Amino acid sequence: MTQTTVDAPAKDRARIPARTLRTDRWWSYPLTTFIVFTAWVIYATVRSMMGSSFWVEKYHYLTPFYSPCVSKACPADAADFGRFVPDHLPFFIPYALISLPFLLGFRLTCYYYRKAYYRSFWLTPSACAVPDKSPVRKTPGRYSGETRFPLILQNAHRYFWVIAALISIVNTWDAINAFHGEDGGFGIGLGTIILWVNVILLWGYTLSCHSCRHVMGGRLKSFSKHPVRYWLWTQISRLNTRHGQFALITLGTLALTDAYVALVAHGSFSDLRLFN
Amino acid sequence: MGYKAKFRVWRGDAGEGELKDYTVEVNEGEVVLDVIHRLQATEAPDLAVRWNCKAGKCGSCSAEINGRPRLMCMTRMSTFAEDETVTVTPMRTFPVIRDLVTDVSYNYEKAREIPAFDGGDVKPGEFRMQQVDVERSQEFRKCIECFLCNNTCHVIRDHEENKEHFSGPRFLMRVAELEMHPADVQDRRQIAQDDFGLGYCNITKCCTEVCPEHIKITDNALIPMKERVVGRRYDPLVWLGSKIGVVKRGKSTPKA
Amino acid sequence: MTDIERLRYDVVVIGAGGAGLRAAIEARLQGKKTAIISKSLFGKAHTVMAEGGAAAAMGNANPNDNWQVHFRDTMRGGKFLNSWRMAELHAKEAPDRIWELEAWGALFDRTKDGKISQRNFGGHEYPRLAHVGDRTGLELIRTCQQKIVALQQEDHAEFGDYDARLKVFAETTITRLLKDEQGRICGAFGYIRETGKFVVFEAPAVVLATGGIGKSFKVTSNSWEYTGDGHALALLAGASLINMEFVQFHPTGMVWPPSVKGILVTESVRGDGGVLKNSDGKRFMFDYIPDVFKDKYATSEEEADRWYDDPDNNRRPPELLPRDEVARAINSEVKAGRGSPHGGVFLDIASRLKPEQIIKRLPSMHHQFKELADVDITAEPMEVGPTCHYVMGGVEVDPDTAAASVPGLFAAGEVSGGMHGSNRLGGNSLSDLLVFGRRAGLGAAEYASATTVSVPDAEVEAAVAEAMEPYQRDTGENPYAVHQELQQTMNDLVGIIRREDELEQAIEALGKLRDRVGNVAVAPSAGATVTEDRGPAYHPGWHLALDLRNMMIVSECVARAALERQESRGGHTRDDYPKMSADWRKINLVCSLRDGVVELKRQEMSPMREDLLSLFELDELKKYLTEGELPAEEKN
Ligand code: SF4
Ligand code: SF4
Ligand code: FES
Ligand code: FES
C-alpha cells in the first residue's frame with residue numbers, strides 16, 4: 001500500500017455480480033476446440049488400434065499412425081526399423097507402440113496444445129476475463145497451475161521434442177519409401193504427395209516448437225557472439241509465430257493422410273497415379 | 001453524426017456499488033474516455049477515472065469495456081453499434097478505490113521484489129551491445145504498465161490467494177527482460193519459479209491478447225522463461241552435467 | 001488540524017517525470033531522506049510522450065561532435081536568449097547522464113560497433129539524439145523508475161523497509177509550498193487523491209519538477225497534469241518566473257477526432273516528403289516564404305520535389321521552414337477559410353510515397369492515425385493544425401545549483417526557465433531533465449544538510465482553508481466550464497500569433513476569469529447507491545477546481561509577458577512586431593506575484609563569457625547581439 005497512500009484503508013474488489021460482461025461470442029473458441037479435439041482423439045484411437053488398413057503394399061504407403069511399424073504383425077516391407085514386438089498383444093496396444101506414446105506426450109506437453117486444452121477442457125480459463133471453471137465444474141479448490149505433479153511434468157517437453165524430431169525422420173523415411181511404383185521402381189501417386197505434404201508440415205510443427213527455439217539459440221544471452229545460432233533462432237522464431245497453426249493443420253493432415261492410406265489399403269478406391 | 005449512446009458505468013467504492021445507466025451524447029471520432037469525460041463535465045462531476053495521455057502511451061486508463069480489459073482512450077466508439085449499451089467497469093482483479101479507479105499497488109509491490117539490473121563491473125559509457133542483442137529486451141520495454149495483463153491473468157483474477165506468490169505476466173516479463181539483457185550478470189531463473197510464480201502460468205495467453213502494446217508476452221517472454229527455468233531446475237542432463245562438473249551452474253540471485 | 005499527517009523528509013521532489021526522478025535519485029544517493037510526489041501513478045508522467053530522443057554530444061555517430069558544437073546549436077535554437085551557463089552545463093554533462101542511464105539498465109538503439117546510436121534532428125548539426133525507436137521518453141522514465149526501485153531494494157536490505165530513505169507518494173498533489181518565519185521553504189502541503197486527505201511534508205528543501213503549462217491552452221499535446229503547478233507554486237512562494245512569453249507551438253498536431261486534438265504529428269512526415277495543402281488542394285506554403293529565407297527555399301513545386309533526392313542542387317521545400325513559420329502559415333490559411341473540415345489543413349503523404357514506404361518509415365504515425373482517427377495515411381491525407389507543445393519559460397534558477405530565489409526552493413526540467421531561451425531544440429528536453437534534475441537533487445541535498453526547519457501551524461491552516469474553499473461553496477461556477485473558457489481565451493488570444501489588441505483583450509478576459517475561478521464550487525460527491533456525500537476522495541471536480549488557480553496565474557504571466565515583449569523571437573510571434581530586435585535580446589521578462597497580482601519587470605541578462613562567445617563567428621553574433629555586446633578585440 002505504501003506506494004499509493006498514507007494509511008489508505010483496505011479495499012475490496014468491485015463486486016459485480018455478472019460473471020462476465022463480455023458480449024461477444026467468447027465461448028466459440030473453446031467449444032470448437034473441444035469438439036475438434038475430441039473427434040480427433042476418437043478417430044486416432046480407433047485407427048491406431050484397428051490393426052488393419054495401414055499399409056498399401058503396391059505403393060509402399062504407410063500411415064503415420066503405424067510408423068514405425070515394429071510389431072511382428074507388420075508386413076516386412078512396412079517394417080524397415082525391425083519387428084521386435086511380439087504379435088498377439090491385447091488389441092489396445094498399437095503396432096507403432098514405440099512412437100505413439102511419445103507423440104502423444106509431445107503434443108500433450110506442447111505449449112500450444114496446453115493453451116488449447118487448458119482453455120477448452122480444463123476451463124482455466126475458457127476465455128479471457130471469463131472466470132475459471134464453468135458452473136458445470138464448480139470445484140472451488142486452489143489453483144496451482146503447473147507447479148505440482150502431474151502438471152509439473154510439462155517441463156519435460158524438450159525431451160519429447162527430441163524424440164518427436166527422431167520420429168519425424170522416420171516419417172520422412174516413410175515418405176521417401178512412398179516413391180514406389182507398381183513395377184517396384186520409382187513411382188509417384190497422389191498418396192505420395194499426401195505423405196510428403198504431411199511430413200513437411202510435421203517438420204514445420206516440430207521445428208517451430210518453443211523448446212527447439214530455446215535450444216537453437218533462445219537460451220543465449222548474446223546473439224552477436226553466435227551468428228549461426230542467431231540465424232537459426234531467427235528462422236525458427238519466424239516459424240514459431242505460426243506454431244499454433246502448424247499444430248492444428250498437422251492434426252488435419254495426419255487424419256487425412258491416415259484416412260487416405262486406409263481407404264486405398266482397404267480398396268475403397270484406388271490411388272491416383274501420376275507416374276508409374 | 002452525433003447520437004445518444006447508452007452507457008452503464010460502475011459507480012461505487014469500498015467494493016459496494018452498482019452499474020448506473022446514463023444516456024450521453026457521442027460525437028464522431030470519439031473514444032470511450034471522451035464519453036466518460038463528458039459524463040464528468042455534465043451529469044457526474046465526481047465520476048472518478050484515471051487517465052493521463054489520452055494517446056495510449058501512459059497506461060493509466062485501464063478498465064473493462066463490455067467485459068473486455070481495454071484502454072479507454074484507445075477504444076473507439078465507432079466499434080460499437082449505436083443502439084448497443086456500453087458497459088464500463090473498473091478492472092476486476094484489483095481493489096476498487098472509487099468508480100473506475102482501482103488500487104494497483106499490487107503491481108508496484110511485485111516490481112520491487114525483482115532484483116534490479118546489474119551491469120557488473122562495466123563503467124558507464126563503456127557498455128558495448130549489439131542491436132541484435134538488445135532487441136529482445138527492447139520489445140518488453142515497450143510496456144506502458146497499464147497492468148491489463150495482470151488484470152486479465154486468471155491466476156490472480158480468479159484466485160486472489162495466488163497474489164502472494166505470483167507476480168503476474170507484467171513482472172515475469174520484467175524478469176525475462178533482465179535475463180535477456182546482454183549486459184546483466186545476475187541469474188533470476190530460480191526465483192522466477194520459486195518467488196514469482198512462473199509455474200502458475202498455464203500459458204493460456206490472455207495477457208498477450210489484451211496487451212495494448214501488442215507485446216508477445218507469452219511467446220517471447222513467458223515461454224522462453226519457462227524453458228530457461230527448465231534448464232536450471234528440471235533438466236536431468238543439466239543436473240547430471242553439473243554433478244560431474246561438465247556444466248557450470250552460477251549462483252542464483254535471491255529475491256530483492 | 002490534528003488529523004493532518006506530518007511527514008519529515010530532507011528533500012521533497014514535486015513531480016515524477018524525468019527531472020523529478022533524476023533529482024530524487026541524486027538526493028537519495030547523497031544520503032538524504034527523499035520523498036517523490038507524483039500527481040499521477042508512478043511512471044506515468046508526461047515524459048513518456050517524448051519520442052525523438054535525448055540530445056548528447058557523445059560523438060558516436062559523428063566523431064566531430066562535441067559539447068562546443070552542441071552548445072552552439074542550443075544557443076542558435078534559442079536565438080541567443082538562453083541562459084548561456086545552463087546551455088554550457090547542459091552540453092557538457094548530457095553525455096554522462098545518458099551513459100549513466102545505460103548503467104542503470106536502459107537499452108538504447110545501437111550503432112554497428114555497439115555504442116549508443118544517435119539520430120539527426122532539426123537544429124542539431126550532427127546526429128546527436130540517443131533514442132529507442134520512437135519511445136525514448138518511456139525508456140527514460142522506466143529506467144529512472146527502475147533505478148529508484150533498485151535504491152529502495154538497497155534500503156530494504158539495509159533497514160528492512162523499502163521506503164526507508166526514498167518514498168514515492170503516488171497520486172498526491174501539492175497545493176501550497178510552506179514557508180517559515182524566516183521566509184525559507186519549510187515544506188509542502190497537499191492532498192492524497194485516493195483518500196482526499198491532506199498531508200504536510202516537512203522539509204528544508206523542495207525541488208519543483210512539475211513540467212509545463214499546456215493545459216491552459218485548448219489545443220495542446222500535453223496531458224491533464226500539465227496545469228502549471230510548479231510555476232504557480234513558485235510564484236506563490238515568492239519566487240520569480242522568466243521568459244514566460246515563449247511557448248512552443250508545434251505546427252502539426254492532430255485536429256480530429258476531438259479525442260486526440262493536439263496530439264503530435266512528427267516532423268519527419270514532412271521530412272519524408274509530406275506536403276501541406278489547403279481545401280483548394282493548393283500547396284500553400286509557397287505563398288508564405290518570408291524574404292529572409294527566399295534564397296534558401298524552393299519557389300516551384302518541381303524544384304521542391306527534386307530536393308528530396310538531390311538536396312545539393314535544389315532548394316528545400318517550404319514545408320520545411322522553421323516551426324513558427326509553418327504554424328503561422330497554417331493559421332492564416334484556416335483564418336482565410338481555406339482550412340480542412342475540422343479546422344486544420346491537409347498534410348498529405350499518401351500521394352507522395354508508396355504505402356509500403358509510408359508504413360516502413362512512419363510506423364508509429366501510421367498506427368496512431370489508424371487507431372485513433374481511423375484514417376489510413378497511406379490512402380488519405382491527415383488533418384493537422386498547430387498545437388501547444390512546450391513552455392520555454394519557467395522558474396528563474398541559478399544554473400549551477402538549480403536554486404530559485406527563495407531559500408530551499410529548487411527547480412528542474414520544463415518548470416525551470418532559461419535553458420532553452422526563446423525556442424527549444426527537439427531532443428534537448430530529455431537531456432535537460434537529466435542534467436538539471438541531477439543538479440537540482442545535488443543542490444537540494446547540499447542545502448538540506450545545513451538546514452533544519454519546522455512548519456508553522458498557521459501556514460497549514462491557511463493551506464487547508466484554501467483547498468477546502470471550492471468544496472464548501474454551495475453554489476458557484478462549474479470548474480469544467482471555467483476551464484474550457486480559460487483554454488479558449490488563451491488559444492484564441494495568446495496563441496501562436498499575437499497582437500497587441502488581442503493580448504489586451506486577453507488580459508481583460510483573464511481578469512474576469514480570475515474572479516470566476518475564485519468562485520468555483522464543486523458539488524459534494526454523491527454516493528453510488530445512496531445520495532450520501534462520498535467526501536473529497538478521488539473527486540475530479542474538486543481537483544480541477546484547485547488546478548484552475550495555477551492555470552490562471554500562469555496564463556496571466558504568459559499574456560502579460562507576451563504583451564510586453566515587442567519583437568518576434570522563437571516561441572513568441574508578434575504580428576505587429578515581426579522582427580527580432582537585438583535590444584530586446586538582452587532582456588528577460590520576469591514575472592512575480594505581489595499580493596496575488598502578477599507583476600512584470602525587465603531584467604538585463606548577464607553577458608556571455610568570453611570563451612563561449614569566441615565559439616561563434618563574428619558575422620553570426622552580429623545578427624543577434626547589439627554593437628556593444630560584440631567581443632572587444634574583434635570590434636575594430
Ligand atoms: S499466459 Fe500465463 S501469465 Fe499470461 S494470462 Fe495466461 S496464465 Fe497469466
Ligand atoms: S505488458 Fe502489455 S498489457 Fe501488460 S502492462 Fe505492459 S503494456 Fe500493459
Ligand atoms: S511442440 Fe508445441 S511448443 Fe513444442
Ligand atoms: S490515457 Fe494514457 S493510455 Fe489511456
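Side chains are part of it too, since the values below use all heavy atoms of this structure and drop only hydrogens, waters and symmetry mates. A quick note: this is a predicted structure, and the numbers were derived from the prediction, not measured. Order of the sequence lines fixes the chain letters, A, B, ..., with proteins taken first and strands second; residue numbering starts at 1 for each chain.
- Using a 4.5 Å heavy-atom threshold, the side chains of C:Arg142 and B:Glu145 count as touching.
- Note that the NZ atom of C:Lys44 and the SG atom of B:Cys146 stand 7.0 Å from one another [nearest 0.5 Å].
- Atom NE2 of residue C:His367 and atom NE2 of residue B:His214 lie 5.0 Å apart, to the nearest 0.5 angstrom.
- Of the listed residues (C:Gly43, C:Ala373, C:Pro479), the one with the most heavy-atom contacts under 4.5 Å to chain B is C:Ala373.
- Only the side chain of C:Glu225 comes within contact range of chain B, with heavy atoms under 4.5 Å apart.
- Heavy atoms of B:Val134 lying under 4.5 Å from chain C belong to its backbone as well as its side chain.
- Of all the listed residues (C:Ile141, C:Leu372, C:Ile98), the one sharing the greatest number of non-hydrogen pairs under 4.5 Å with chain B is C:Leu372.
- Put simply, the side chain of B:His37 does not reach to within 4.5 Å of the side chain of C:Tyr480, judged on heavy atoms.
- Among C:Pro540, C:Ser223, C:Ala103, the residue with the largest count of heavy-atom pairs under 4.5 Å with chain B is C:Pro540.
- No side-chain donor from either of B:Glu113 and C:Gln153 sits under 3.5 Å from a side-chain acceptor of the other.
- In this structure, C:Met49 CE and B:Cys58 SG are separated by 8.0 Å, a value rounded to the nearest 0.5 Å.
- Every side chain to side chain contact (heavy atoms under 4.5 Å, CB included) that B:Ala44 has, sequence neighbours left out, goes to B:Arg11, B:Tyr22, B:Asp46, B:Leu47.
- Only the backbone of C:Phe108 has a heavy atom closer than 4.5 Å to any heavy atom of chain B.
- Neither the backbone nor the side chain of C:Asp96 comes within less than 4.5 Å of any heavy atom in chain B.
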Evaluate B:Arg50 against C:Leu41 for side-chain contact (heavy atoms from CB on, under 4.5 Å), listing each step before the verdict. CA-CA 9 Å; B:Arg50 189 183 269 144; C:Leu41 289 176; 3.7 Å; yes

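- Per-residue heavy-atom pair counts under 4.5 Å with chain C were compared for B:Leu33, B:Asp184, B:Leu178, B:Ile114, and the maximum is reached by B:Ile114.
- Neither the backbone nor the side chain of C:Lys147 comes within contact range of chain B; no heavy atom of the residue lies under 4.5 Å from a heavy atom of that chain.
- Using a 4.5 Å cut-off between heavy atoms, C:Trp104 contacts chain B through its backbone alone, with no side-chain atom that close.
- In this structure, chain B has no heavy atom under 4.5 Å from any part of C:Ala157.
- Heavy atoms of C:Gln145 lying under 4.5 Å from chain B belong exclusively to its side chain.
- Put simply, the side chain of B:Asn52 reaches to within 4.5 Å of the side chain of C:Trp224, judged on heavy atoms.
- Closest approach of C:His156 and B:Ala256 over heavy atoms only: CD2-C, 4.2 Å.
- Annotation for B:Gly29 and C:Pro257: closest pair O-CB, 2.9 Å, computed over non-hydrogen atoms.
- For B:Lys123, no part sits under 4.5 Å from any heavy atom of chain C, backbone or side chain.
- With a 4.5 Å cut-off on non-hydrogen atoms, C:Asn478 touches chain B through its side chain but not through its backbone.
- Of the inter-residue distances, the one linking C:Leu107 atom CG with B:Glu177 atom CD reads 7.0 Å to the nearest 0.5 angstrom.
- Chain B forms the most heavy-atom pairs under 4.5 Å with one residue out of C:His46, C:Glu371, C:His483, and that residue is C:Glu371.
- When the candidates B:Gly56, B:Gly119, B:Ser60 are compared by the number of heavy-atom contacts under 4.5 Å with chain C, B:Ser60 comes out ahead.
- In this structure, the portion of B:Val49 lying under 4.5 Å from any heavy atom of chain C is its backbone and not its side chain.
- Among B:Val31, B:Val101, B:Thr42, the residue making the largest number of heavy-atom pairs under 4.5 Å with chain C is B:Val101.
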What's the verdict on side-chain contact (heavy atoms from CB on, under 4.5 Å) for B:Lys54 and C:Val260, showing C-alpha distance, side-chain angles and the deciding distance? CA-CA 7 Å; B:Lys54 230 171 163 193; C:Val260 293; over 6 Å; no

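- C:Thr143 touches chain B through backbone and side chain together, each having a heavy atom under 4.5 Å away.
- Looking at C:Leu138, the atoms closer than 4.5 Å to chain B (heavy atoms on both sides) all sit in the side chain, from C-beta outward.
- The side-chain tip of C:Lys167 does not point at the ring of B:Tyr108 from less than 6.0 angstrom away and within 45° of straight on.
- For B:Ala183, no part sits under 4.5 Å from any heavy atom of chain C, backbone or side chain.
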Evaluate B:Arg98 against C:Glu194 for salt bridge (Lys or Arg N to Asp or Glu O under 4.0 Å), listing each step before the verdict. CA-CA 8 Å; B:Arg98 168 154 296 176; C:Glu194 172 171 353; over 6 Å; no

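- Near-neighbour residues of residues 87-94 of chain B relative to chain C, defined by a heavy atom under 4.5 Å from a heavy atom of that chain, are none.
- Counted by atom type alone, C:Gln152 and B:Arg112 present one or more donor-acceptor pairs between their side chains at under 3.5 Å.
- In terms of heavy atoms, B:Gln130 sits closest to C:Arg110 at C-CG, 3.7 Å.
- In this structure, chain B has a heavy atom under 4.5 Å from the side chain of C:Ile263, while its backbone stays farther away.
- Ranked by heavy-atom pairs shorter than 4.5 Å toward chain C, the options B:Met129, B:Glu30, B:Gln131 are led by B:Met129.
- With no hydrogens or angles considered, a side-chain donor-acceptor pair links C:Gln146 and B:Arg141 at under 3.5 Å.
- The line from CH2 of B:Trp51 to OG of C:Ser40 is 9.5 Å long, rounded to the nearest 0.5 Å.
- Looking only at side-chain heavy atoms (C-beta outward), C:Val132 and B:Gln138 come within less than 4.5 Å of each other.
- In this structure, CZ on B:Arg128 lies 7.0 Å from CG on C:Asp113, to the nearest 0.5 angstrom.
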